[in-house]
Amino acid sequence: MFFGAAEPPLVADDLLNDKPSHNPTTVRWESLLRSGTNSRRVDRPALFYPVFIKPDSRELIAVGDSKPLGTPRSAWDIPNGSVAVWPLKSDGTEGNWRASPEYLRQLFQKGFVRLGEYRADEGRGTVWYLGKAAIQKIEVGEILVTGRDSQGAVIVVPNPELAFGRKTVAKTVWNRPSHHAGWHGTNLVGAMLPGKTFPFPKSLYSVADTLRLTVGSKPNGIVVDFFAGSGTTLNAVNLLNATDGGSRRCILVTNNEVSAEEAAALSARGLQPGDADWEAQGICRSVTWPRSKYTILGQRDDGSVLTGEYLTGKTVEREKARGFTQIGFVDPLQLDTLPKKKQLVALIDGLPQTLVKDPCPFIVSEGHKASVLFDPAAAEDWLEALDGQEHITDFYIVTPVKRVFDQLKAQVVELLGPLLVPEEEKRPMSAGFAANLAYFKLDFLDKERVSLRRAFREILPLLWLKAGAVGPRPELKRGEPEPVLFAPEGSNFVVLLDETRMGRLLKSLAGRAGLSHVFIVTDADESFKTMAQDVREVAGKANPGLAVVQLYRDYLLNFMINKNQDRAAGPAGTQGARA
């Protein structure tokens, strides 16, 4: 349900079909290593230089300078903790890059360079960069930067709105394998909590997709689930935050009921609600809380790590080797007629015989993913025709000589590099999430005790939550007297409990930054206005957006719900804190 001005967002994927409605082509990254003519070091010495990386993370850290031709590679200084990647060809000879050191540094600073395959024993690797055409599309919005990968390189995708010219509202019926409640709900909870069952948990990914539609554009949003059940909502919020870098918060509310079967078994043992063994079997204690804790830590209380991977909903490109087949059962000289070549092409899937036209020493087609070299003597022309044809995945080379086949294969790999195949990014469950988790038990308070100002310790967590749950949750130890001024270190809020100590409050606020809330306990509504103004004059400049909130001495007035609270509402211009 959407209230007020809220409405469903327009999306490129309507979620109706088992695959995304639109599959935009991936953004092309270009190989930094020059191929073809002028690709040797002697051809362009100024384009021969090292790129320095961290060998473990493969993170690029610096770009070296070029040196005069003839300078040995040992003459370059390699930064500590890094190794050098050189523009070396597959046969080990020295080549050159397609960008100058200065220009590559500019690309590197913007995250437009990344390392692919790295061969430590050979001192070379595949370096990818975004060409000028791709950068221009980023500048005009045709390509979107959605984040950064572990190397610091940008994650880029085509803008689906521009690519397809339309967006729509997601359908009310979704059909995705990832939304299967059995596979990604029941089985997932069972794997996280061995031996514990929960009836009908939702699929983690159906909830995650729901969140993307509602708070995907609100990285600081708050998600509240009043019927938390197995805790899927918090799991999905954490996954969404980890995927898009958001800082959304999630509040789960649940009871601690046991199932009818468990209740009967516990009663047969002479137990009743409230007993420790009974409560330990409740949904909150045995499912919601453990799952929430385990998924954040990536491991269970016994130290065993969570296995499996999360689907993130993001598409990334992985390197995949191209396919090469040696056709050695026929001599190239015997393929001297078009019918013979067509007979050979008939054996290759996805390649029509109509591509065989006289003369035909090879087949290279922009509309097909396979290429055939009938005559190795035409290899140079074949390689020239292949330049830029990254879509070709399979190569068939007619030669009975293994050495010739290997040489041509190496030249094609050097020319085109590995395939970049889009696939859904996954996240190990053992990695957990960068999140904090606090557990609260809701209970009733005696109204008279509250009215006598003896329940500040119990109310304190609510103030922490209202202030955004920033920093460690402060506590007032049991039996500790109520302070006149409560200013916990590392928190973003302050509470003045004795309005006669206003001077002490103002003194504590002077020069302090990082505050979001100041709570003042007073029943004097008109005086509160003056106190609030004094607080803002002292601390407002260093704390933009500072909220000054009135707390009544009878704290329950601030936190009552479904009651006529004329007094708690306060005069115009004050903020009555209610929850």
Side-chain angles (χ1 to χ4, degrees), residues 222 224 228 249-256 274 276 279 282 284-285 288-289 292-293 436-509 512 514-524 528 531-532 535 539 546-563 565 567-568 570 574-579:
I222 300 177
V224 184
R249 287 175 285 151
C250 181
I251 300 173
L252 301 183
V253 183
T254 186
N255 56 27
N256 198 41
E279 296 300 321
C284 182
R285 299 278 182 86
T288 320
W289 172 255
S292 299
K293 180 169 60 170
N436 295 317
L437 184 64
Y439 174 79
F440 299 97
K441 180 180 178 181
L442 301 183
D443 212 337
F444 294 100
L445 294 179
D446 179 70
K447 181 176 181 180
E448 297 302 323
R449 185 166 172 265
V450 174
S451 65
L452 294 173
R453 300 171 62 185
R454 295 177 180 173
F456 179 70
R457 182 177 63 85
E458 289 84 352
I459 298 298
L460 185 54
L462 295 175
L463 303 182
W464 177 70
L465 287 172
K466 181 171 178 57
V470 176
R473 180 170 61 87
E475 295 184 76
L476 191 66
K477 296 180 180 179
R478 189 176 298 277
E480 184 178 344
E482 181 180 287
V484 296
L485 177 65
F486 188 77
E489 186 176 349
S491 293
N492 63 329
F493 71 95
V494 173
V495 186
L496 177 65
L497 293 103
D498 186 344
E499 60 190 288
T500 65
R501 303 298 181 89
M502 188 65 186
R504 182 173 172 182
L505 171 64
L506 296 178
K507 184 177 180 180
S508 70
L509 296 178
R512 182 168 176 179
L515 289 174
S516 66
H517 288 72
V518 173
F519 298 99
I520 299 177
V521 178
T522 177
D523 285 346
F528 171 73
M531 291 187 285
V535 167
L546 179 65
V548 185
V549 182
Q550 181 179 4
L551 288 181
Y552 294 95
R553 289 193 179 95
D554 186 344
Y555 301 120
L556 285 186
L557 288 177
N558 294 90
F559 300 103
M560 280 183 178
I561 59 174
N562 301 326
K563 295 288 184 180
Q565 302 179 74
R567 182 188 179 200
T574 65
Q575 299 184 41
R578 303 186 201 173

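Every heavy atom of this structure was used, including side-chain atoms; hydrogens, water molecules and symmetry mates were not. Given the structure is predicted, the values throughout are model-derived calculations rather than measurements.
Closest non-hydrogen pair, Cys284 versus Asn256, comes out as N-OD1, 3.1 Å. Annotation for Gly274 and Glu279: closest pair N-OE2, 2.8 Å, computed over non-hydrogen atoms. Taking each heavy atom of Pro488 and Arg512 in turn, the nearest pair found is O-NH2, 3.7 Å. Minimum heavy-atom separation, Ser491 to Leu515: O-CD2, 4.5 Å.
Take Pro483 and apply the side chain to side chain contact (heavy atoms under 4.5 Å, CB included) test, not counting sequence neighbours, and it matches Leu476, Phe486, Leu497. Scanning for side-chain hydrogen bond (donor to acceptor under 3.5 Å, both in side chains) contacts around Ser516 gives Asn492, with sequence neighbours left out. The ring-ring contact (aromatic ring centres under 6.0 Å, His included) check on Phe440 picks up nothing, with sequence neighbours excluded. Scanning for side chain to side chain contact (heavy atoms under 4.5 Å, CB included) contacts around Asn255 gives Glu257, Ile283, with sequence neighbours left out. Every salt bridge (Lys or Arg N to Asp or Glu O under 4.0 Å) that Glu458 has, sequence neighbours left out, goes to Arg449. The side chain to side chain contact (heavy atoms under 4.5 Å, CB included) test applied to Leu437 returns Leu234, Trp289, Ser292, Lys293, Ile296, not counting sequence neighbours.
With rounding to the nearest 0.5 angstrom, the OG1 atom of Thr254 is 12.0 Å from the CZ atom of Arg285. In this structure, CG in Leu460 is found 10.0 Å from CG in Leu465, a value given to the nearest 0.5 Å. With rounding to the nearest 0.5 angstrom, the CD1 atom of Ile459 is 9.0 Å from the CG atom of Leu551.
Sorted by first then second residue, the salt bridge (charged side-chain N to carboxylate O under 4.0 Å, His left out) pairs that include residues 499-508, not counting sequence neighbours, are Glu499-Arg553. For residues 458-478, there are no ring pair (Phe, Tyr, Trp, His ring centres under 6.0 Å) pairs, not counting sequence neighbours.
Within the 4.5 Å cutoff, the side chain of Met531 has no heavy atoms near those of the Leu505 side chain. Side-chain contact between Phe519 and Lys466 is present, with at least one heavy-atom pair separated by less than 4.5 Å. No side-chain heavy atom of Phe493 sits less than 4.5 Å from a side-chain heavy atom of Val549. Using a 4.5 Å cut-off on side-chain heavy atoms (C-beta onward), Val518 and Leu496 make no contact. With a 4.5 Å cut-off on side-chain heavy atoms, Leu506 and Val535 count as touching.
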Verify side chain to side chain contact (heavy atoms under 4.5 Å, CB included) between Val495 and Phe456, making sure each step is shown before the conclusion. CA-CA 10 Å; Val495 186; Phe456 179 70; 3.9 Å; yes

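The neighbour count for Glu480 CD, taken as heavy atoms of other residues, nucleotides or ligands under 6.0 Å away, is above 12.
In this structure, the side chain of Thr522 engages the main chain of Ala524 through a donor-acceptor pair within 3.5 Å.
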